[in-house]
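Accompanying notes for the structure given below.
Convention: sequence-line order gives letters A, B, ...; per-chain numbering from 1. Because the structure is a prediction, the values reported are computed rather than measured.
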Amino acid sequence: MPELPEVEVTRQALAPWLEGREVRAVQVRERRFRWPVPPGLARQLVGRRVQALGRRGKYLLWRFDHGTLISHLGMSGSWRVHPGAASGAAPPPGLHDHVDVAVDGALLRLTDPRRFGALLWHPVGAGAVERHALLAHLGIEPFDACFDGDWLYRATRGRVASIKQVLLAGDVVVGVGNIYASESLYRAGIHPRRPARRVGRARCALLAAAIRAVLAEAIEVGGSTLRDFRSAAGEEGYFMIEANVYGRAGQPCHRCGNPIRKLVQGQRATYLCVRCQR
DNA sequence: AGCTGGTCCTGATGGC
DNA sequence: TGCCATCAGGACCAGC
């Protein structure tokens, strides 16, 4: 479920259940994620209090005074809250419910069928979590006040790869996944195959604004263009954003009526209007 | 069989 | 020509 909006919506949903609460129990039923869930995680967390729930890119950061729990949802991960449930009172875990974290007043359950996600522990002794190998080379946050056309312009000079690939790489700006990359480029009128360094100043400004707008709107409606997205409370039928191009191959462009085309970049689908995007 | 939300790692490339 | 940042592809896994 995860592009930045889904992760941020998850963060907002979990934060009230976590911040200031003490971890009562941790149960790991499956530790084979992208990297193994560290043994002894329960020992690290039980009896400790979550100070704050943060986010960096698509990583959720559970901050404790003695370290940070890093959670990434990969392609198919999600956290679900079971309010009021002590570990015994929660529904029985399903096939892909791999981790339970019980806190005062709630059980948080991590589901991830494909197990591309991660759950890692970063102790304070290892330094600031921002310097963790997975976080150190991430690009700027799209909602950082410093992220604008000038930033994007400077960061993309010398990048031969296509603008879409550079957005997905996440070392320029974080949080733009496959769906929102297509949507942002459509909104900015930029062809996804255009070499990043061939996007001029003015169009970098359009693109930066488009990225922020697309992500902000997605967060506002609580989620996602994704078919199987559920809120952390488990509600189904969550609002779906109407995509302008993603998944609309053959259907008319909302702006000019030309059929939307699909192409493949780096083994991922890209959707665009060849008339509106140059 | 071929798609699908992400991104780390490896070995290769290409721009200064 | 050589160097090193950047690039492309493979890998991980389950469900539809």
Side-chain angles (χ1 to χ4, degrees), chain A residues 1-11 29-37 55-60 70-80 93-99 110-120 132-139 142 154-184 192-199 214-215 218-219 221-232 238-241 243 245-250 262-271:
Chain A
M1 54 156 284
E3 294 195 31
L4 183 144
E6 293 72 37
V7 178
E8 176 59 20
V9 166
T10 298
R11 191 196 66 76
R29 283 176 289 270
E30 170 62 84
R31 54 179 77 255
R32 293 174 304 166
F33 279 71
R34 175 147 199 185
W35 298 279
V37 176
R55 179 187 58 74
R56 177 74 175 101
K58 298 169 190 167
Y59 293 89
L60 285 171
I70 302 172
S71 157
H72 195 289
L73 298 173
M75 290 275 252
S76 59
S78 62
W79 282 100
R80 173 102 182 257
L95 181 60
H96 302 297
D97 293 340
H98 301 314
V99 179
L110 176 62
T111 304
D112 188 356
R114 295 175 73 179
R115 288 187 277 120
F116 286 179
L119 198 58
L120 299 169
H132 187 282
L134 293 173
L135 306 181
H137 303 291
L138 294 179
R154 271 181 272 113
T156 49
R157 295 313 89 183
R159 301 294 292 265
V160 186
S162 71
I163 183 64
K164 194 223 181 188
Q165 296 286 47
V166 169
L167 289 181
L168 287 184
D171 55 347
V172 170
V173 57
V174 294
V176 183
N178 201 43
I179 296 174
Y180 299 121
S182 282
E183 294 299 316
S184 303
R193 282 205 171 128
R194 175 172 286 270
R197 63 177 181 173
R198 299 283 180 238
V199 181
V214 165
L215 296 179
I219 291 170
V221 299
S224 183
T225 49
L226 306 181
R227 301 173 246 293
D228 56 0
F229 184 72
R230 279 164 163 241
S231 74
Y238 230 54
F239 187 90
M240 283 197 180
I241 304 165
V245 288
Y246 191 85
R248 294 193 64 242
K262 174 185 176 179
L263 50 85
V264 175
Q265 295 179 276
Q267 298 139 264
R268 316 289 305 276
T270 302
Y271 297 86

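- One atom, CZ of Arg56(A), and another, P of dT7(B), lie 12 Å apart when rounded to the nearest Å.
- For Arg197(A), the listed nucleotide lying nearest its side chain is dC16(B); candidates were dT7(B), dC16(B), dC8(B).
- For the pair Arg114(A) and Leu138(A), nearest-nucleotide mapping onto DNA chain B gives the more 5' position to Arg114(A).
- Within 4.0 Å (heavy atoms only), Leu168(A) reaches no atom of the nucleic acid at all.
- With the nearest nucleotide of DNA chain B identified for both Val160(A) and Ala169(A), Ala169(A) has the one nearer the 5' end.
- Across all strands, Gly266(A) comes closer than 4.0 Å to no nucleic acid atom at all (heavy-atom distances).
- Ala269(A) comes within contact range of the sugar-phosphate backbone alone, with a heavy-atom separation under 4.0 Å but no base atom that close.
- Atom pair Arg198(A):CZ and dG15(B):P shows a separation of 10 Å (rounding to whole Å applied).
- A straight line from CD of Gln265(A) to C1' of dC3(B) spans 17 Å, rounded to a whole angstrom.
- Side-chain atoms of Gln265(A) do not come within 3.5 Å of backbone N or O of Thr270(A) as any donor-acceptor pair.
- Comparing Gln267(A) and Gly158(A) along DNA chain C, the residue whose closest nucleotide (by nearest heavy atom) sits nearer the 5' end is Gly158(A).
- Contacts of Arg115(A) with the nucleic acid, taken as non-hydrogen atoms under 4.0 Å apart, involve only primed sugar atoms and P, OP1 or OP2.
- Here the CG-NE2 distance, from Leu120(A) to His72(A), works out to 11.0 Å after rounding to the nearest 0.5 Å.
- No donor-acceptor pair under 3.5 Å is formed between the side chain of Arg31(A) and the backbone N or O of Phe33(A).
- In this structure, of dC16(B), dC8(B), dG6(B), it is dC8(B) that holds the atom nearest to the side chain of Tyr59(A).
- A donor-acceptor distance shorter than 3.5 angstrom exists from the side chain of Ser162(A) to the backbone of Gln165(A), with no hydrogens or angles considered.
- Look at dC13(C): it lacks any Watson-Crick or wobble partner with both distances under 3.5 angstrom.
- The backbone N or O of Val199(A) lies less than 3.5 Å from no partner atom in the side chain of Arg194(A), so there is not a single donor-acceptor pair.
- Along DNA chain C, the stretch of nucleotides lying under 4.0 Å from any heavy atom of chain A spans, 5' to 3', dT6(C) to dG15(C).
- For Arg159(A) and dT13(B), the CZ to P distance is 19 Å, given to the nearest whole Å.
- Whole-Å rounding puts the Asp112(A) CG to dT4(B) C1' distance at 14 Å.
- Here the options are Lys262(A), Glu183(A), Arg248(A), the test is side chain to side chain contact (heavy atoms under 4.5 Å, CB included), and the partner is Tyr271(A); only Lys262(A) passes.
- Along DNA chain C, the nucleotide nearest to Arg157(A) and the one nearest to Leu95(A) differ in position, and the one closer to the 5' end is contacted by Arg157(A).
- Applying the 6.0 Å contact sphere to CZ of Arg157(A) captures more than 12 heavy atoms from other residues, nucleotides or ligands.
- For the atom pair OG of Ser78(A) and CG of Leu110(A), the computed distance is 7.0 Å after rounding to the nearest 0.5 Å.
- Summarising the geometry, the separation between CZ on Phe33(A) and P on dT7(B) is reported as 16 Å, rounded to the nearest angstrom.
- dC3(B) atom C1' lies 16 Å from atom CG of Leu263(A), rounded to whole Å.
- Residue-to-nucleotide contacts include no donor-acceptor pair under 3.5 Å from the side chain of Arg268(A) to the base of dT4(B).
- Straight-line distance from the NE2 atom of His137(A) to the C1' atom of dC9(B): 13 Å, rounded to whole Å.
- For His72(A) and dG6(B), the shortest distance from a side-chain N or O to OP1 or OP2 is not below 4.0 Å.
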